[in-house]
Enquirer: 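Once you've had a glance at the structure underneath, I'll fire off some questions.
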Amino acid sequence: MKKRWPDETSRRLYRDLQRRLARRIVLAGPENPVRLLLAVDVSYREEDAYVSAVIWNTEKACPVRIYLLRVLAELPYISGMFFIRELPPVVSIIRTFSIEFDLLLLNASGIAHPAGIGLASHAGLYFKKPSFGITDRIPCGAYKMPGLKKGNYTRIMDRERRVIGYVLRSQDYVRPIFITPGHLISPKNALEITIKLPFHARFPEPLRIADIYSRKEFKKEIIEGCR
DNA sequence: GCGACAG
DNA sequence: ATCTTGTCGC
């Protein structure tokens, strides 16, 4: 029989870590202007994690540089503890290439999370940089669906009715995206920054490009190249 | 007991 | 996330 990792003891330690880190989250900012936004995405295949990092110039609204990296995926995906699987690859690519940025954007949840600390928050805390996440859906939070036309949005609230993010209709009649602050950013600023990004699809360009590279281009190239 | 559950 | 082709619809 296959052994389960992390075991109960380890999971409890991760929960404790999350409780301690959650108290350090700052929901205000960014303090400085966001000129370089860094979108990072990861896709998987067997034991490998394919990471892509897109440096995005917000003034010119164009990608500056794209980095690709393959690392080992050490741990499994566990809802509520996504960070144990994806934070290592995210940290790896940024440290490996010494990437500089003003704000980190991930395809993950931020404070809209059962423990109030999703991957986007963990990453922001790790780098001590503003961060937020955009996803298909959230693991936690209450909201109403926004209107069907592009630009409509509604608030996401926790049990105490505090705003923990926004649901944004990024394209006419298309399923909305979920925006939640990670660290060093207010919910409203995460929304405002998102709205200023170019949308050619449901997700903003920086994330869409990061997704394409990690999931299709880069991975395909590596896999084909090994045959 | 049943459904929900970021990527 | 991944396994996978074309196809219907907002």
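Lettering of chains follows the sequences in order, A, B, ..., and the numbering in each one begins at 1.
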Enquirer: Restricting to side chain to side chain donor-acceptor pair (under 3.5 Å), what partner residues turn up for A:S186, sequence neighbours left out?
Expert: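 For A:S186 the side chain to side chain donor-acceptor pair (under 3.5 Å) partners, ignoring immediate neighbours, are A:N189.
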Enquirer: Stems in DNA chain B: runs of 3 or more consecutive Watson-Crick or G-U pairs, distances under 3.5 Å?
Expert: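 When the pairs of DNA chain B are grouped into runs of at least three, no such run exists.
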Enquirer: So if I define the base as every atom that isn't primed, P, OP1 or OP2, how would nucleotides 2-7 of chain B read as a B/S/- string at a heavy-atom cutoff under 4.0 Å?
Expert: ---SBB
Enquirer: Residues in side-chain contact (heavy atoms from CB on, under 4.5 Å) with A:R11, at least two apart?
Expert: A:R4, A:P6, A:E8, A:I78, A:M81
Enquirer: According to side chain to side chain donor-acceptor pair (under 3.5 Å), who are the partners of A:E160, at least two apart in sequence or on a separate chain?
Expert: A:R162
Enquirer: I'd like to check the side-chain contact (heavy atoms from CB on, under 4.5 Å) partners of A:T96; sequence neighbours left out, ordered by chain and number.
Expert: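 By the side-chain contact (heavy atoms from CB on, under 4.5 Å) rule, A:T96 matches A:L69.
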Enquirer: Could you list the protein-to-nucleotides 5-10 of chain C atom pairs, N/O on both sides, closer than 3.5 Å?
Expert:
none

Enquirer: Under the side-chain contact (heavy atoms from CB on, under 4.5 Å) test, which residues partner A:L36, sequence neighbours left out?
Expert: A:I55, A:V64, A:D102
Enquirer: Please list every donor-acceptor pair under 3.5 Å in which a side-chain atom of residues 139-157 of chain A meets a protein atom from a residue at least two apart or in another chain.
Expert:
| from | atom 1 | to | atom 2 | distance (Å) |
| --- | --- | --- | --- | --- |
| A:K149 | NZ | A:D172 | OD2 | 3.3 |
| A:N152 | ND2 | A:K149 | O | 3.1 |
| A:T154 | OG1 | A:K144 | O | 2.6 |

Enquirer: Give the table of side-chain donor-acceptor pairs shorter than 3.5 Å for residues 123-134 of chain A, with sequence neighbours excluded, one pair per line with atom names and distance.
Expert:
| from | atom 1 | to | atom 2 | distance (Å) |
| --- | --- | --- | --- | --- |
| A:K129 | NZ | A:F101 | O | 2.8 |
| A:S131 | OG | A:A120 | O | 2.7 |
| A:S131 | OG | A:H183 | N | 3.3 |

Enquirer: Which dot-bracket notation, 5' to 3', represents the base pairing of DNA chain C when pairs are defined as Watson-Crick or G-U with both distances under 3.5 Å, crossing pairs as [ ], and inter-strand pairs as |?
Expert: ..........
Enquirer: Who are the side chain to side chain donor-acceptor pair (under 3.5 Å) partners of A:S10, not counting sequence neighbours?
Expert: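 With sequence neighbours excluded, A:S10 shows a side chain to side chain donor-acceptor pair (under 3.5 Å) to A:D7, given in chain and number order.
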